[in-house]
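Data block below; observations after.
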Amino acid sequence: MLNASYWLTNIRLEQGYVIEDGQVAGTNTKVCHLRIDGDKISEVVGADIELQSQLPKYDCKELLMLPSFEEAHIHLDKTYFDGPWRAVKPASSVFERIEEEKVLLPKLLPMARQQAESILTLIQGFGATHVRSHCNIEPVSGLQRLEATVQALNAFAGKISSEIVAFPQHGLLRSDSVQLVKQSLAEGATFVGGVDPYTVDGDIEKSLQTMVELAVMSNAGIDIHLHDGKEAGKKTLTRLADLTEEAGLQGKVTVSHAFWFAGAQQQEAEEVAKRMASLGMTIASTVPIGRVMMPLPMLHSQGVKVKLATDSLTDHWSPFGNGDQLEKAGRYAELYGCNDELALSQSLRFITGGLTPLDPKGEQVWPKVGDTASFVLLHASCSAEAVARRAQRQAVWYEGRLVSGSITNRDL
């Protein structure tokens with residue numbers, strides 16, 4: 001266990017970009033010592049300065065320090081993780097998948113808490129210190145999956161911060177889950193969820209109005225799964241934007257997936273993106289590959305908060321997903337052609353809640369004295385290399401505490 005105050009010595013920090021012929025060609029770093037007091041970084045000095053301090057010192061062997069990661073969308077409560085391998089069964093529609101889920105969920109429930117804790121251990125080892133979990137709230141499960149999720153997150157108290165979305169997977173209106181969602185918001189959930197108001201609920205206006213009413217009533221946010229494209233997808237997005245403004249929910253609304261953007265005309269997509277940005281709306285994306293390619297760089301350039309996420313981690317919806325946010329950042333960089341030092345290093349922001357050690361102009365903006373001591377130590381020379389090479393994580397800190405890995409032969 002670490003002391004309340006201590007030094008981490010010989011940590012590699014980014015200082016600025018190397019500029020050649022007017023272009024970013026590399027990243028300058030410096031080996032430093034950091035003093036941690038409680039949950040804050042209280043002092044940063046160069047490694048050339050001999051420490052005249054009686055506080056404990058832990059040698060970090062010139063590992064690179066980056067901001068810790070954020071898991072913006074994952075389902076902790078329903079998974080095959082920690083169990084036997086199972087691929088996805090073919091299904092012809094979302095409704096067929098929901099019917100499969102109704103049978104499967106009770107069978108998975110006894111393992112829900114243990115599997116959620118295993119996933120939390122996994123993602124923490126990859127560098128995540130914040131997680132937003134979507135938790136099934138529907139008549140088949142009642143609030144049992146919420147209870148398991150809350151118990152798992154409580155087991156990680158002081159190690160990871162969290163949010164829970166009350167997710168009516170079988171349709172907020174379609175499965176008559178409004179009262180269950182309302183109850184879940186009083187018992188640990190912090191966001192109102194929803195899924196495809198047009199396709200699943202069959203009533204865009206009533207579905208969105210109900211979500212907004214629940215959010216306002218419980219002082220909660222909204223995080224909606226939206227797979228619908230074409231006119232239904234656009235109508236859902238634009239109406240949600242209007243309701244966000246009317247209800248004063250600016251900065252509290254996330255659209256997960258938002259696949260409409262992938263098939264929309266550029267000008268139309270940019271107009272909707274600007275509207276969302278003006279309301280502080282966020283898009284959480286798994287960086288899909290294959291049939292759908294989201295215009296994530298455009299969304300970011302228009303001011304929309306873009307966050308990368310795991311979503312399913314091997315379950316009946318998808319056999320993919322490994323819980324590694326740095327892998328997601330690397331996929332983003334590959335898919336959108338972030339090959340150079342500047343683009344690679346700046347793509348880190350999509351998994352850190354917007355934090356990067358250097359801003360786009362090369363000014364050091366993290367870490368600063370007074371910042372919360374939540375970070376990752378990695379085997380890389382700079383953040384660009386960490387993203388491109390999916391660098392090995394050595395140790396993870398959350399609010400001044402070592403929560404995963406080690407920096408010596410013994411755990412601290």
Side-chain angles (χ1 to χ4, degrees), residues 8-35 41 43-49 60-70 127 270 273 277 285 287 294-308 324-394 397:
L8 294 178
T9 63
N10 301 313
I11 285 182
R12 185 171 302 281
L13 298 178
E14 297 187 357
Q15 300 295 298
Y17 289 128
V18 178
I19 307 296
E20 293 177 4
D21 300 323
Q23 293 185 320
V24 174
T27 301
N28 283 317
T29 62
K30 182 179 180 181
V31 178
C32 297
H33 304 321
L34 274 76
R35 193 176 93 230
I41 297 170
E43 193 172 351
V44 182
V45 299
D48 54 330
I49 297 174
C60 295
K61 304 177 181 66
E62 301 188 8
L63 291 166
L64 178 70
M65 178 172 154
L66 294 180
S68 57
F69 308 151
E70 174 184 348
E270 288 178 355
S285 178
V287 195
M294 287 288 293
L296 299 180
M298 179 279 287
L299 291 164
H300 172 65
S301 71
Q302 296 297 335
V304 177
K305 295 174 187 172
V306 173
K307 297 185 177 186
L308 308 187
D324 186 349
Q325 286 300 86
L326 195 57
E327 171 65 36
K328 283 290 176 183
R331 180 196 280 195
Y332 175 98
E334 283 194 72
L335 193 58
Y336 299 109
C338 302
N339 299 319
D340 61 272
E341 188 86 1
L342 177 61
L344 279 166
S345 66
Q346 290 301 311
S347 65
L348 188 72
R349 71 174 60 251
F350 300 117
I351 62 168
T352 61
L355 279 177
T356 52
L358 306 177
D359 70 13
K361 295 180 180 178
E363 294 294 319
Q364 186 188 24
V365 291
W366 183 93
K368 298 287 190 185
V369 170
D371 283 349
T372 300
S374 296
F375 51 83
V376 190
L377 298 182
L378 312 90
H379 294 266
S381 63
C382 61
S383 54
E385 181 185 7
V387 170
R389 307 306 306 163
R390 282 74 156 172
Q392 178 190 345
R393 265 83 357 133
Q394 180 67 35
W397 261 256

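Position 1 is the first residue of the sequence, and the numbers go up from there.
- Between Lys305 and Phe350 the shortest side-chain heavy-atom distance does not fall below 4.5 Å.
- Across all their heavy atoms, Val376 and Gly127 have their closest contact at CG2-O, 3.7 Å.
- Sorted by first and then second residue, the pairs that involve residues 352-380 and meet ring pair (Phe, Tyr, Trp, His ring centres under 6.0 Å), not counting sequence neighbours, are Phe375-Trp397.
- Under the 4.5 Å side-chain criterion, counting only non-hydrogen atoms from C-beta, Leu378 is not in contact with Met65.
- Scanning all heavy atoms of the two residues, the minimum distance from Ser381 to Leu64 falls at O-CD1, 4.1 Å.
- Side-chain contact check for Val287 versus Leu335: some heavy-atom pair is nearer than 4.5 Å.
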Applying side chain to side chain contact (heavy atoms under 4.5 Å, CB included), run through Glu14 and Ser383 and close with a yes or a no. CA-CA 8 Å; Glu14 297 187 357; Ser383 54; 2.9 Å; yes
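- Pairs engaging residues 346-355 under the side-chain hydrogen bond (donor to acceptor under 3.5 Å, both in side chains) rule: Tyr17-Gln346, Gln346-Arg349 [sequence neighbours left out].
- Partners of Gln302 by side chain to side chain contact (heavy atoms under 4.5 Å, CB included), not counting sequence neighbours, listed by chain and number: Glu270, Ala273, Lys274, Met298.
- Counted within 6.0 Å of CZ on Arg389, heavy atoms from surrounding residues, nucleotides or ligands total 12 or fewer; the atom is thus considered open.
- Two residues are said to be in side-chain contact when any heavy atoms from C-beta on lie closer than 4.5 Å; Gln325 and Glu70 fail this criterion.
- Contact of the Tyr332 side chain with the Glu327 side chain is not registered, since no non-hydrogen atoms from C-beta on lie closer than 4.5 Å.
- The shortest distance between side-chain heavy atoms of Leu355 and Val365 does not fall below 4.5 Å.
- Looking at Thr372, its side chain never comes within 3.5 Å of a backbone N or O of Ser374 through a donor-acceptor pair.
- You'll find the side chain of Cys382 stays beyond 4.5 Å of the side chain of Ser345, heavy atoms only.
- Taking the salt bridge (charged side-chain N to carboxylate O under 4.0 Å, His left out) definition, one finds that Glu363 meets it with nothing, sequence neighbours left out.
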Only pairs under 3.5 Å count here: list side-chain donor-acceptor contacts from residues 18-34, not counting sequence neighbours, and write none if there are none.
{"residue": "Thr27", "atom": "OG1", "partner": "Glu341", "partner atom": "OE2", "Å": "2.6"}
{"residue": "Thr29", "atom": "OG1", "partner": "Arg12", "partner atom": "NH1", "Å": "2.9"}
{"residue": "His33", "atom": "ND1", "partner": "Asn10", "partner atom": "N", "Å": "3.1"}

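- Here Lys328 does not pair with Glu334 in a salt bridge; the nearest charged N to carboxylate O distance is not below 4.0 Å.
- Among all heavy-atom pairs drawn from Leu8 and Ile11, the shortest one is CB-CD1, 3.6 Å.
- In terms of heavy-atom proximity, Ala329 sits nearest to Ile351 at CB-CD1, 4.0 Å.
- A salt bridge (charged side-chain N to carboxylate O under 4.0 Å, His left out) check over residues 364-387, counting only residues at least two apart or in different chains, returns nothing.
- At a threshold of 4.5 Å between non-hydrogen side-chain atoms, the residues Leu348 and Leu326 count as touching.
- Rounded to the nearest 0.5 Å, atoms OG (Ser285) and CG (Leu296) are 4.5 Å apart.
- In terms of heavy-atom proximity, Leu13 sits nearest to Val44 at CD1-CG1, 3.9 Å.
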